[in-house]
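Comments concern the structure below.
Everything numeric in this text was worked out from a predicted model, so none of it was measured. Throughout, a chain's letter reflects where its sequence line sits, starting with A, and its residues are numbered from 1.
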2 protein chains.
Amino acid sequence: MEFSDIVKFHGHSCPGLAIGYRLSMAAMNGLGVVRSDDEELFAVVENDACGVDALQFVTGCTFGKGNLFFNDYGKQVYTLFSRVKQLGVRVTFHGSGIPVELREDRPAFAERVLQESEAAIISVVAVPYRELQVAKIRKSGVCSICGESVMETKMLDALNGRICIPCSEQKVAPN
Amino acid sequence: MEFSDIVKFHGHSCPGLAIGYRLSMAAMNGLGVVRSDDEELFAVVENDACGVDALQFVTGCTFGKGNLFFNDYGKQVYTLFSRVKQLGVRVTFHGSGIPVELREDRPAFAERVLQESEAAIISVVAVPYRELQVAKIRKSGVCSICGESVMETKMLDALNGRICIPCSEQKVAPN
């Protein structure tokens with residue numbers, strides 16, 4: 001897994017992506033696991049910044065697979081769990097080995113994050129395993145108003161039948 | 001952009017991923033745009049299923065870049081916007097050109113989704129452009145309890161100083 005592959009996915013290089021890459025590799029090594037093809041691994045991330053794209057790419061815990069859980073805490077912390085090994089590890093970026101003044105120079109900071117020893121920038125702590133919900137495939141129904149297909153668990157009962165949330169809010173183009 | 005690249009990112013092939021791939025390509029073509037290195041594009045997705053991984057990979061609208069917005073409507077609908085062109089397009093999967101019975105055979109269904117003509121499975125509708133929030137880089141502070149770095153906008157005022165959300169909830173390992 002090369003950082004350049006992750007840059008290609010994210011679209012550009014930045015310190016946050018480099019931090020996410022190092023955190024994700026540290027978590028994988030900490031658990032002694034390989035990338036998650038399905039839901040063998042799941043991750044809880046405490047921010048939704050650039051680094052999470054590295055986590056998605058490195059660990060296979062992705063938004064679309066249902067094994068990426070988001071706690072909006074604004075912290076550079078990921079907790080990665082292995083369903084197979086029933087283990088968890090919490091990785092945090094402290095960056096103490098990198099001079100504060102270097103952080104102003106984003107390319108230099110990113111490069112240093114990639115080169116620095118793990119112990120100098122990251123803490124890795126084992127945490128008790130706990131299960132989180134596995135993604136489910138749901139049946140679909142058809143909205144009585146817009147006629148579009150809708151996951152049954154997201155349909156609402158209305159006078160004119162079962163409808164989707166945006167139609168219930170009378171939005172033509174949802175969002 | 002090959003489907004096999006997206007399968008590698010997602011971890012496996014499935015009908016949902018194929019649908020997301022076709023929807024994402026249709027949206028990009030509909031807008032006449034290329035992949036988003038930064039936030040030139042942003043997407044509003046109406047589900048968090050497999051297909052969104054294809055959208056992340058194809059459009060560059062990713063969870064970590066702040067240009068992926070999630071409306072939990074349970075619909076196979078994406079709306080893609082171009083900040084450069086100030087255009088929007090809403091793509092929905094109707095799949096009317098694919099026999100219902102074929103859907104039971106997941107590999108055959110996925111293959112058919114990849115091969116079928118766009119008009120037979122997808123509707124593409126232009127929508128008015130509207131701006132959504134651009135991601136911001138926030139300063140960080142240090143939690144007075146755990147000593148970890150926290151995005152300033154996510155810190156809470158407490159008797160013992162500014163603290164992070166998990167410490168305010170007295171969680172040792174957040175989440």
Handout entry: Flag side-chain contact, heavy atom, 4.5 Å: Glu169(B) against Tyr73(A)
Key = yes
Exercise for the section: Give a yes or no on this: more than 12 heavy atoms of other residues, nucleotides or ligands lie within 6.0 Å of atom CD of Glu131(B). Expected result: yes
Exercise for the section: Tell me, for Gln56(B) versus chain A, whether the close heavy atoms (under 4.5 Å) come from the side chain, the backbone, both or neither. Expected result: both
Problem - Thr62(B) portion near chain A, given a 4.5 angstrom heavy-atom threshold - result: both
Practice task
Work out which heavy atom in Ile165(B) is nearest to a heavy atom in Asp72(A); give both atom names and the distance.
Solution key: CD1-O, 3.6 Å
Practice task
Drop me the distance from Glu46(A)'s CD to Glu148(B)'s CD, to the nearest 0.5 angstrom.
Solution key: 7.5 Å
Exercise for the section: Spell out, yes or no, whether Leu132(A) and Val127(A) are grouped together once hydrophobic residues are joined by side-chain heavy atoms under 4.5 Å, including indirect joins. Expected result: yes
Handout entry: Partner chain A: residue of Cys50(B), Gly147(B), Ser36(B) with the largest heavy-atom pair count (under 4.5 Å)
Key = Cys50(B)
Handout entry: Interface moiety of Leu55(B) toward chain A, non-hydrogen atoms closer than 4.5 Å
Key = neither
Handout entry: same_hphob_cluster(Leu114(B), Tyr78(B)) at 4.5 Å side-chain heavy-atom cutoff
Key = yes
Problem - Segment of Phe69(B) engaging chain A (4.5 angstrom heavy-atom cut-off) - result: neither
Exercise for the section: Apply side chain to side chain contact (heavy atoms under 4.5 Å, CB included) to Asn47(A) and Arg138(B), showing your working. Expected result: CA-CA 12 Å; Asn47(A) 68 78; Arg138(B) 307 281 193 182; over 6 Å; no
Handout entry: Within 6.0 Å of CD1 in Ile137(A), more than 12 heavy atoms from elsewhere
Key = no
Handout entry: Distance, nearest 0.5 Å, that separates NZ of Lys154(A) from CG of Asn71(B)
Key = 11.0 Å
Handout entry: Minimum heavy-atom distance Cys164(A)-Lys75(B), with the two atoms named
Key = SG-NZ, 3.2 Å
Fill in the blank from the handout: Taking a cut-off of under 4.5 angstrom between non-hydrogen atoms, the residues of residues 3-19 of chain B near chain A are Lys8(B), Phe9(B), His10(B), Gly11(B), His12(B)
Problem - Shared hydrophobic cluster, Val124(A) / Met25(A) (ILVMFWY, side-chain heavy atoms < 4.5 Å) - result: yes
Exercise for the section: Report whether Phe109(A) and Leu23(A) are members of the same hydrophobic cluster (ILVMFWY, side-chain heavy atoms less than 4.5 Å apart, transitive linking). Expected result: yes
Practice task
Answer with side chain, backbone, both or neither: which region of Cys61(B) has an atom nearer than 4.5 Å to a non-hydrogen atom of chain A?
Solution key: neither
Problem - Nearest atoms (heavy-atom pairs only) where Phe63(A) meets Asp53(B) - result: N-OD1, 3.8 Å
Exercise for the section: Treating Ile, Leu, Val, Met, Phe, Trp and Tyr as nodes and any side-chain heavy-atom pair under 4.5 angstrom as an edge, say whether Leu68(A) and Val45(B) lie in one connected cluster. Expected result: yes
